[in-house]
Amino acid sequence: MTLDTVKHATETPESAQPWAELGLKEDEYARIREILGRRPTGAELAMYSVMWSEHCSYKSSKVHLKQFGEKAPENDALLVGIGENAGVVDVGQGYAVTFKVESHNHPSYIEPYQGAATGVGGIVRDILAMGARPVAVVDPLRFGAADHPDTKRVLPGVVAGIGGYGNCLGLPNIGGEVVFDACYQGNPLVNAGCIGVMKHEDIHLAKASGAGNKVILYGARTGGDGIGGVSVLASETFDDSKPTKRPAVQVGDPFQEKLLIECTLEIFQEKLVAGIQDLGGAGLSCATSELASAGSGGMRVELDSVPLRDATLSPEEILMSESQERMCAIVEPQHVERFMEICEKWDVIATVIGEVTDGERLEIFWHGEQIVDVPPRTVAHEGPVYQRPYARPDWQDALQADDAGKLPRPTGGEELKQQVLQLVGHPNQASKAWITDQYDRFVQGNTVLAQPEDAGMVRIDADTNLGVALATDGNGRYAKLDPYAGAQLALAEAYRNVAASGAKPLAVSDCLNFGSPEDPAVMWQFAEATRGLADACQTLGTPVTGGNVSLYNQTGETAIHPTPVVAVLGVIDDVTRRTPIGFAEEGQLIYLLGDTREEFGGSAWSQVVHEHLGGLPPQVDLERERLLAEILISASRDGMIDAAHDLSDGGLIQALVESCLRGGTGARLVVPDALDAFTFLFSESAGRAVVAVPRSEEVRFTDMCTVRGLPATRIGVVDGEEIDIQGEFSIPLSELRTAHEGTIPGLIA
Amino acid sequence: MTSRIGVITFPGTLDDRDTQRAVGLAGAEAVPLWHRDKDLKQVDAVVLPGGFSYGDYLRAGAISRFSPVMETVIEQAKAGLPVLGICNGFQVLTETHLLPGAMLRNNHLHFICRDQKLRVENASTAWTADYEAGQEISIPLKNIDGRYTADERTLDELEAEGRVVFRYLDGNPNGSLRDIAGITNAAGNVVGLMPHPEHAVEPLIGTGRTDGLGFFTSILKKLVGA
Amino acid sequence: MARVVVDVMLKPEILDPQGQAVQRALPRLGFEGIADVRQGKRFELEVEGPVDEAALARVHEMAGTFLANTVIEDFTVRVES
Amino acid sequence: MARVVVDVMLKPEILDPQGQAVQRALPRLGFEGIADVRQGKRFELEVEGPVDEAALARVHEMAGTFLANTVIEDFTVRVES
Ligand SMILES: Nc1ncnc2c1ncn2[C@@H]1O[C@H](COP(=O)(O)OP(=O)(O)O)[C@@H](O)[C@H]1O
Ligand SMILES: [Mg+2]
């Protein structure tokens, strides 16, 4: 097959091209021809098609995501906002923190181990590319029904992959989620987040400037990973659908990535790079076009110099390959030698593949012939933007009218007790230790809090005890009932979790997991969720600094529940003041903070006991969330509370069981006069937490709540070896432990 | 002059910086050593930290064992240099045959990370003198290839000579024979164990306990006293 | 009882980090002249009853659905004499 | 270039939980009649130059010192045709 050079493309304008097979729409292909003033070469077509895909261009979501910027609250802490590899916030003492959550949903369904592993690898490189040392990871996960046979295939593979990769990198896993719901059958959600720490002056950006600067590709050799679709370009004729030998899945090498991290950090330390970008989706196409697009000049790349693992790759395939563990740096000529020395020290292959030019074009050559000549912005930043039609689904009203308040409630203590055991033993509420024990949470020696705490927390300065906390939350059931409120509740929960640990919430990242944007109902869910999240971030003063959108999570006509997963990052001046969830001291007083209403729509109780989803999710009151957070943070700083746990799915009883089991103590509780026992225990009203207050601090603590107007109700005392609800029931801790901890091993093992 | 304790970094080592911190907290000077250098920089003792050197590819510790620095470590360990191998470091020590036996995949086949209770069986090695024989400590355990194995004769020998240094308590986490968590060579200068003392040296961090600090104070006392 | 061996190797186009790590280590150990190393798995199955065509067909199926992950691995089945 | 295969298996007296896990799973997947499963490693080496006795001796040495840990594993070396 002859090489499709720029010259050849100009001479053969009518040559048929497989744009449809590559996922381009007719008008998109026409636009490429218009931009170039000729037909694209095969290599150009490959680049445009992948960069203009939903995954890389955000073409369906862009118009909605704009709000995160437009409504961004004033926040002095924000150093780098949306648009870079990850956002960066100032956490004081000269430190900056970068964090982000990403999805690797589809690959993890096809090949759970490698899909999840490379998901971790990808997000870690994003963080590294900002100039930061990665210090912790989190993994919000969602699977199909817990007892579905395919869950037994997907879950252990995903967990082993996340552990296998993250453990080998030496990144403590400090949090995440595990949710089971039949709606994720066939579309598991594997989201992964990472936090990185640097000094302000070390922030790096992905841009290529300075004519004559070298473009260096370093890390793993390039193989045929993840380029299944593009192989059509390499086939003899375009309609020839001979089976491809190119794997659609990528295989990770965490050892290589660990070397890449250490090598890159050493390179940063010596200030050897002018710009840097990780290679993720769309590989070199993405890295070169984004670097050139964000910089001031053009770029010239000799594709022959790319070190290959498979010598038979075509130039199109090299451009598209998603081989893992690679980075691309822009280096001034006088630093190249030292750059190479550091790579050699770490056994990392590094190759100059091109240079920054003073032109305006991205030009790529293969065996001396030009195969790409494009304005880089048109590839990387000026892709198509869709105003997808959206419409509130016609079933939404009926769903909301199906009020969970009408479900039969337990009558009497014995039935309450049975439902409590049912709740805390349900896979969604059960202990996730079987999973999290496969993750290293101690490595790096800075972990202050990890699972099963409300938020993960790591120390970032051992001399001053400065630390950061991160929590991720999402509730697809709430979002299904009301996507606007659902997204806000996800934010509120993560925010509350961070505050419960004693840290001050600062900034947000998110991973928006939805069905097909071509379905107006899904698009409506997406529009509502982003609007809800943007509005709530504005109110709470926590800007969205970056995130990820995963669409097409659906099988046939059936989409997953809309699942916005929200990560909140917080800062704590002194990690020794952190608040754990466990009730450890007998005699301490248990206070319930916030208002409890009859709210059961989307609740864990309605799911576990009645397999019901209907009504409205809990009411959102962001001012209350903010007040609650302020109280939790002050109380932690001033030593007024010894434990705190936010209330979310499963309500008060779930939180109490977790706090008691964690601390190894029981609790005696009294149902407040204003509430019935069922509502008291199972309602999921937002804006609440339980705290354990030492008796000596009671007056100070309640005075503070009264002055600031936060309802605080004394509901009991830490005591004994059972949870006793006066006049209703009591359950020994050992029985609760068996129910809570036996479930997941029983399902999977 | 304070004692100098070398901490080796292999490609893929993870706990080197923690180990250096632990050495410092105990009052000694931590000296970073690089796998490609044969030179041990005149350190008084060496720690092989945990991690996934060479990705644990082939077998945990199998590739690191052949690095230049290990040539010197093997030679000097035989001459009495105190050496501590933690987790991956223990695996390297068995691969070099400085310590007998071998490490296999955990019997449940999963990575396991937990706070692990141990009994100190031998408090007279270079690295355990600050403990008492029979003392129970809790330090983090985290590995996937932690099942200690040796043939019966070797095991009997280890027992008879008091060379089982640590034993797992409250449940064997990986199927190690005779609940062995750590062993020593005949001279008592080379010790290897799977759990991680360097992760248990500061209150509040990790498990919040400081049961691991004794390793580093033990060696310091020995070196200063010597 | 007969022994059937199933060899499972990563497909040639799939990255094999273990094999690569082994290969890169060899020269340092003084072994030159090994151009490539791939590492895979070997399963030894002790099969009850006669290893006839039907039995082998079952092992094939087992290998393709369980022992190997055919998304990334190839396998071969053979009777060991 | 010739291919030399090194098979490494745990010694028979060493517990092989991976093999056991496979064996235990088989009946659940509908495969009966497998009395035992052992799982080991297979290395495919591409050897440059002639695979004569000297070359094979070198591979033997490599297998005994590096590819296998003879405390726990046995190995075999063969040239693949
Ligand atoms: N996949 C996971 N990885 C790491 N930690 C997890 C994972 N799933 C759950 N956790 C941790 O387990 C604990 C309980 O989870 P969850 O009940 O979802 O918390 P919450 O209700 O506060 O969101 C938290 O500390 C959470 O971070
Ligand atoms: Mg929580």
Side-chain angles (χ1 to χ4, degrees), chain A residues 133 156 159-173 252-263 344-348 433-451 457-459 462 465 467 574-578 580 582 584 745 748-749, chain B residues 9-22 24-25 34-37 49-58 60 63-64 67 87-88 106 108-116 139-145 173 195-209 212:
Chain A
R133 173 176 281 281
V159 169
I162 288 169
Y165 206 99
N167 295 340
C168 187
L169 288 189
L171 293 177
N173 185 309
D253 179 357
F255 170 58
Q256 174 72 245
E257 179 122 326
K258 168 69 177 166
L259 299 183
L260 202 56
I261 293 173
E262 297 302 332
C263 171
E344 197 279 330
K345 170 180 170 189
W346 288 100
D347 287 323
V348 169
W434 185 87
I435 290 166
T436 56
D437 281 357
Q438 298 184 46
Y439 304 149
D440 186 347
R441 58 184 175 276
F442 298 116
V443 66
Q444 292 196 5
N446 286 311
T447 305
V448 180
L449 297 174
Q451 46 274 17
M457 185 182 287
V458 289
R459 177 177 67 179
N465 281 330
D574 178 359
V575 294
T576 63
R577 301 250 49 111
R578 91 283 178 270
I748 304 299
Chain B
T9 301
F10 300 101
T13 293
L14 303 179
D15 301 322
D16 43 350
R17 288 179 303 146
D18 281 21
T19 305
Q20 290 167 19
R21 175 165 38 206
L25 284 171
W34 183 239
H35 70 112
R36 283 191 193 168
D37 291 337
F52 287 78
S53 62
Y54 290 96
D56 272 4
Y57 295 149
L58 185 58
I63 301 180
S64 308
S67 49
C87 195
N88 196 234
N106 294 340
H108 46 76
L109 304 177
H110 296 293
F111 188 94
I112 181 169
C113 173
R114 75 178 198 197
D115 198 8
Q116 177 67 47
I139 58 179
L141 174 83
K142 33 168 234 184
N143 60 61
I144 190 164
D145 292 308
H196 290 258
E198 83 287 5
H199 286 327
V201 293
E202 291 178 278
L204 270 182
I205 300 296
T207 63
R209 260 187 297 272

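Nothing here was measured: the structure is a model prediction, and the numbers come from that model. Quick note on labels: first sequence line is chain A, next is B, and so on, each numbered from 1.
Applying the salt bridge (charged side-chain N to carboxylate O under 4.0 Å, His left out) test to B/Asp16 and every residue at least two apart in sequence or in another chain returns nothing. Contacts of A/Lys258 classified as side chain to side chain donor-acceptor pair (under 3.5 Å), with partners at least two apart in sequence or in another chain: A/Glu262.
Only the backbone of B/Thr13 comes within less than 4.5 Å of a heavy atom of chain A; no side-chain atom from C-beta onward does. A/Ala433 does not touch chain B: none of its heavy atoms, backbone or side chain, sits under 4.5 Å away. Both the backbone and the side chain of B/Tyr54 come within less than 4.5 Å of a heavy atom in chain A. For A/Arg459, the part sitting under 4.5 Å from any heavy atom of chain B is the side chain, from C-beta outward, and nothing else. For A/Leu169, the part lying under 4.5 angstrom from a heavy atom of chain B is the backbone only. With a 4.5 angstrom heavy-atom cutoff, B/Glu198 does not touch chain A via any of its atoms.
Annotation: maximal heavy-atom pairing with chain B below 4.5 Å, among A/Thr447, A/Asp440, A/Val458, occurs at A/Asp440.
For A/Asp437 and B/Arg114, the salt-bridge test fails: no basic side-chain N is under 4.0 Å from an acidic carboxylate O.
Relative ring orientation between B/Phe10 and B/His35 is described as tilted, the plane-to-plane angle lying within the 30° to 60° band.
A/Asn465 and A/Thr576 share no side-chain donor-acceptor pair at under 3.5 Å.
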**Asked** Between A/Glu257 and A/Tyr165, is a side-chain hydrogen bond (donor to acceptor under 3.5 Å, both in side chains) present by the stated rule, with each step listed?
**Response** CA-CA 9 Å; A/Glu257 179 122 326; A/Tyr165 206 99; 3.2 Å; yes
